[in-house]
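Written out below as structure tokens is the structure these notes cover.
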Amino acid sequence: MAASSPRIEMEVTMSSHEHSAGRFPIAAGRDERRTADPVSRRTASAAKRYFESRAFGWTIVLLALLLWQGVSVAYPTPQLPPLTEIAAVWLDQAVNGDLLTALFDTLRITALGYFIATLVGVLLGFLMGRVAVVWGGAEPFVELLRQIPISALLPLLILYLGIGDSFKIVIVVLAAAFPILLNSFAGARSISKTMRMTAQTFQLNWLQTQIEIGLPTALPYILVGLRQALGVTLVIAVVTGMLAGNSGIGYFILQAQQVLDVKALFAGIFTIAAVGYLLNAIFLIIERRLTRWRTLTSAQS
Amino acid sequence: MSIQIASASKRYTSARGEEVTGLTPVTLSIADRAFVSVVGRSGCGKSTLLRLIAGLETPSAGSIAIEGRTIAGPPASVRYLFQNYSESLLPWKTVGGNIHFGLHHAFRSAIQSRDRAAREALINEKLAEVGLAGTAERYPSELSGGMQQRVAIARALAANPKILLLDEPFSAVDALSRATLQDLLLRIWQDHALTIVFVTHDIDEALYLADRVIVLSPNGGGIEEDIDVPLPRPRDQIETRKTPEFLDLRSELLGRVLATH
């Protein structure tokens, strides 16, 4: 019973649509009495669209910020400075202070680490999925390394590499490479037998098969791995700055904490949130472009 | 082109290490421009036989020859159409891109030197041939199952094959599309002077299309029957299927397939 009711509703809507199109002028009068008037129906559907979109979520963010501003002005405490003052500090730090330098330093580490992790993760993960020898040779090593928490490696890495860029980049690579590698592996394994035979019948050699069939098939998986890694990368890049205690936005926040500059602390935190959101948004646009074919579905089946 | 299968057999080693018979030795000669259907129960080795002819698998013993020349690997003159066409088309390429894939890999250097306009004209010509003119810019996922299989046919034709091997190609499409696709295949067979080996589990389909129907024994037992189909051409979905000759052959064939255990 429950399953059949939506279908009935749909049929009613469809028939009323036909009526309002003027095909049955006599029935139209009866129809108007039965359904709500079109204006309120349009408002209802606009409200539904709003509440089911991200605009609703952004409104909540805006309201939270307004509440923050209101509370901090009404009950001034050092722990919760007004947003306007945080914004002023942010601007001052960006123009006169170290905020942007620190940010670019963190982004540099992020970009380098992400690039290396992508190269290693995609190449090794994909080959592990396509070449039995590579899988046999690399799987135990990868699985062992994957189990080690990065924090356990920190003392050794500091001992070997010091606290410079190479230390930070290695940590970022270690954190970002595994999601990329595992997803690339899964993508490479997802090539169907039919697809492999198709490549054979068109006489593609090994390299052509990997480039023309393998990589495009694995691409959606690889992109999932890249997106997971992107989030991890920024977080780890910030943390490495704090650990090394010499540069980056993490260090900027640490410094602010040490001098109890709560406004600068918030300025740093908001910067990270905004940059992270922006990076993810850019990634989603690229992802959608690359896998446009996946969002199209048959109108007939 | 003619196909000669000389005592070709296939054995597999299962995951448990046991020897499994895919196909006991089969000897079969298929004439140039013949249309041969292969029928049999599931697991009788029809797909194995087809993959052997396609060079996708090597026979454990015996040999496969095309025009008298033993094959090693997939020959350029042979194209294969799969049952699960949606996994055979490249979903990230448009319909036109898929046809171009066929062209490109069949005539590597020749096609690359041609200009874009000539290439597009060739793609559109192939699409028109399978009744899909104007769909070059669409993606396979936007098309129905029957239309996707047409794209696969157009892509195979783009490679200018002499032999077409089809593995239950229409079993996943709806009955009405299937009838249209059968007639499309017969037209293409005539127009391109192809030799066709058509694997199906549908007796009616096998009879309607072919000059000759091979019945395989269950469990890879080899050839059970080899029946000529003297029905006149051109065949018609309604007229041919109601002739006494068709119905007699159908009963005979059905009886033999059902009698195999």
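Bear in mind that the values here come from a model prediction, so they are computed numbers and not experimental data.
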Task: When A:L219, A:I213, A:T217, A:T198 are compared by non-hydrogen pairs under 4.5 Å with chain B, the top option - done: A:T198
Open item on the list: I need the minimum non-hydrogen distance between B:E87 and A:M195, along with the two atoms involved.
Closed with: O-CE, 3.3 Å
Task: Over all atoms of both residues, closest heavy-atom pair of B:A159 and A:F202 - done: CB-CE2, 4.5 Å
Open item on the list: Heavy-atom cut-off 4.5 Å, strictly under: side chain, backbone, both or neither for B:A152 against chain A?
Closed with: neither
Open item on the list: If I measure from the heavy atoms of chain A, does B:L165 come under 4.5 Å with its side chain, its backbone, both, or neither?
Closed with: neither
Task: Nearest-0.5 Å distance, OH of residue B:Y80 to CD of residue A:Q200 - done: 11.0 Å
Task: Spacing of B:R51 atom CZ and A:M197 atom CE [to the nearest 0.5 Å] - done: 5.0 Å
Is it the case that over 12 heavy atoms from other parts of the model lie below 6.0 angstrom from the [atom1] atom of [X]?
{"X": "B:E19", "atom1": "CD", "result": "yes"}
{"X": "A:F115", "atom1": "CZ", "result": "no"}
{"X": "A:Y277", "atom1": "OH", "result": "yes"}
{"X": "B:R11", "atom1": "CZ", "result": "yes"}
{"X": "B:W189", "atom1": "CH2", "result": "yes"}
{"X": "A:R108", "atom1": "CZ", "result": "yes"}
{"X": "A:R189", "atom1": "CZ", "result": "no"}

Open item on the list: Are A:T201 and B:V78 packed together at the side-chain level, in the sense that at least one heavy-atom pair is separated by less than 4.5 angstrom?
Closed with: no
- [ ] Please assess A:L204 against B:F101 for the test side chain to side chain contact (heavy atoms under 4.5 Å, CB included), listing each intermediate value before the final yes or no.
- [x] CA-CA 11 Å; A:L204 271 67; B:F101 176 84; 3.9 Å; yes
TODO: Please answer whether the main-chain N or O of B:P74 pairs with a side-chain N or O of A:Q203 as donor and acceptor at a distance below 3.5 Å.
DONE: yes
